Amino acid sequence: MSNLEFEKPVLELEAKIAELRNVTGDDSMNIADEITRMQGKADRLLQQTYSKLTAQQKVQVARHQDRPHFLDYIDGLIEDFTPLAGDRNFGEDDALPAGLGRFKGRSCVILGQEKGNDTESRIKRNFGMARPEGYRKAQRLMKMAEQFQIPVITLVDTAGAYPGVGAEERGQAEAIAKSIETCLRVKTPIVSVVIGEGGSGGAIAIATADKVYMLEHSIYSVISPEGCASILWRSAEHANDAAAALKLTAQDLYQLKLIDGIIAEPVGGAHRKKEETIASVGMQIENALDDLSNISSDKLVQQRHQKFLKMGREAA
Amino acid sequence: MNWLTNFIRPKIQSIVEQKDVPDNLWQKCPGCEGMLFHRDLSENMNVCYHCGHHMKITVQERMELLFDDGKYKELPMPKAPHDPLKFKDRKKYADRIKETRQKTGREDAIMIAEGTIGGSPAIIAGMDFTFMGGSMGAAVGEAIVVAAEQAVAKQAALIVIPTSGGARMQEGMVSLMQMPRTIIAAEMVKNEGLPYIVLLTDPTTGGVSASFAMVGDIHIAEPGTTIGFAGKRVIQETIREELPEGFQTAEYLLEHGMVDMVVERKELHETLARILDLLFNRDGSARALNDNGSKTSAKGKAAKGKGSKGPRAAAMEVPVIEKTAANTDAPAEEPIRTAGTKG
């Protein structure tokens, strides 16, 4: 189930506990005590491990295959989800599902990258790497949200925009640039949450929002640690160093004032308690939308611009 | 040559070394491998006179090429945080940037200047590839924002000239945030009804191509310019097959509808002058250009202007422009940043 090296001690303990639970015998009282003791130990160990994850460990958690993905959030948070397809130009992009839905009573447009959760769905979703069509569909739906004066919710989870010949041919750069432009122009509230991996241009294309939140163990970076290491250290083996240097964790980015808040994950990460994570994300989005709904549309756009203009203007 | 330099006394050594000098007078064209004499090459604006291959030119040369009579006023670089992450790879970013500044004599990978093009007022934000591959960090982003503010304040066109590998990794997410920031800059200019023109030069890739370089009213590219989002190597590693002929060149983008025109370097001034005239001088009452649009004739003749605003060509001749009501649209904080920097 888990592929995280640093979780091994915890997993071993948990395996032993499971073994003990299967033992039936005369001294079941003693076994119960032992289980309680070991469970306590496992919990403490997990808590300790997750309280001091390194940047590269966070990268691994953020990419964990069992982490709740876009469609899990749709299931958990959105009623009457009505997927809408196509950019009205070239095609549909399954890497970036989008549609209308009802979030805690209000109609909204919701979109984001879906990585898939088995081989078949991963291929269908292109591993969450969107093509220009995806970003153009996002633009179309954001404009529609404005037309009907409903908010936009975006959930970011991508290694990056897809680097392929077709994607380049059809203007990946232009699609991303225009998607950012649309985010900046839209006269209804936009709330973004980085739920896993925020991969560079492919992420910011849908995350130029009034409020941008990150899950506690998600990451958001201008380049993957591996890519950065291979360029600056000339070896992908330095991904640990690159991850730390890039300041890509939610905690770093909050400190740098580049995001608006951090959403706590359950102990041991989102992949251990999906429902709890999804509920926390829902609560944060609801609060943000409550705040933003009182702001006039012109002021909203102005504030959004001011917020981004500040980034890189203030002295470090 | 080592044993030679060790054994021969300095005086003789200098004679020996002089032999190396003529090498610099000639260079090989990367396009056709033809030999190019340095003076002829520079007279031809660094375009190969055998095959038309466009080689890189410095940002100053670009400014001279594009502004009327090669005259412009460089605007000071705004202040920006230059090492927000305290980044260190095998070397400290702070040291790397210090060295690059010394080597290039430039504050960062961009230069902003004002002047006229065919008599029309223009601010140019031109990038410098020799400064860390023209990468975009906070300083580049801020310079583009300031260039936009200046264009608005002076009711001038904004012309941006990217030449960049993309976002500057060493500034991490701060550099990624320059993507929305520079797009906001373009918005400021567009909202004012002023032209926002992108002149794509080699190379324009990554976070730069996916932001301010692709939201122009008009996209012009120099021949042969590499333009794309992902790097060729990354794409090749992903798809594991050969890339199509001419992939990601200006001509390829023209064919795929991403740029309006591919224009040779020697035609750029005239092209920009004509476009700006069409966009500024909308009723044709103040024709600044003669029929061939040459810059010498454009110069000085013009009393251009949009609506009631004064003769702008004349105004732009003066280094510091008296501006009227338009200034109120610029953000209140430091409309013109006066801290002098070197060019």
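Order of the sequence lines sets the chain letters (A, B, ...), proteins ahead of strands, with each chain counted from 1. Just so it is clear, the model here is predicted, and its values are computed rather than measured.
- At a 4.5 Å heavy-atom cutoff, A/Leu248 makes no contact with chain B through either its backbone or its side chain.
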Exercise for the section: Please assess A/Gln57 against A/Lys52 for the test side chain to side chain donor-acceptor pair (under 3.5 Å), listing each intermediate value before the final yes or no. Expected result: CA-CA 9 Å; A/Gln57 285 169 340; A/Lys52 46 173 197 221; over 6 Å; no
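- In terms of heavy-atom pairs under 4.5 Å with chain A, the best-connected choice from B/Glu255, B/Met179, B/Glu187, B/Gln170 is B/Glu187.
- A donor-acceptor contact under 3.5 angstrom links the side chains of B/Tyr93 and B/Glu171, judged on distance only.
- For chain B, the nearby part of A/Arg234 is the side chain; its heavy atoms alone come within less than 4.5 Å.
- Looking at A/Ser221, only its backbone comes within 4.5 Å of chain B, counting heavy atoms on both sides.
- Both the backbone and the side chain of A/Leu258 come within less than 4.5 Å of a heavy atom of chain B.
- Of the atoms belonging to B/Ile239, it is side-chain heavy atoms, and not backbone ones, that fall under 4.5 Å from chain A.
- No side-chain N or O of A/Gln65 forms a donor-acceptor pair with one of A/Lys115 less than 3.5 Å apart.
- Counting heavy-atom pairs under 4.5 Å between each of A/Cys228, A/Gly171, A/Ser200 and chain B puts A/Ser200 at the top.
- Both the backbone and the side chain of A/Leu232 come within less than 4.5 Å of a heavy atom in chain B.
- No hydrogens or angles considered: nothing links the side chains of A/Asp298 and A/Ser296 as a donor-acceptor pair under 3.5 Å.
- For the residue pair A/Glu169 and B/Tyr252, a side-chain donor N or O sits within less than 3.5 Å of a side-chain acceptor on the partner.
- For a residue to count as touching a neighbouring chain, one of its non-hydrogen atoms must lie under 4.5 Å from one of that chain's; by this rule B/Met169 touches chain A with backbone and side chain alike.
- Using a 4.5 Å cut-off between heavy atoms, A/Leu184 touches chain B through its side chain atoms alone.
- Counting only N and O atoms by type, the side chains of B/Arg181 and B/Gln178 include a donor and acceptor under 3.5 Å apart.
- Each of A/Ile153, A/Asp210, A/Val152 was checked for a side chain to side chain contact (heavy atoms under 4.5 Å, CB included) with A/Pro189, and the lone residue meeting it is A/Asp210.
- A salt bridge does not link A/Asp93 to A/Arg136: none of the charged side-chain nitrogens sits closer than 4.0 Å to a carboxylate oxygen.
- Counting heavy-atom pairs closer than 4.5 Å to chain A, the top residue among B/Ser175, B/Ser209, B/Pro180 is B/Pro180.
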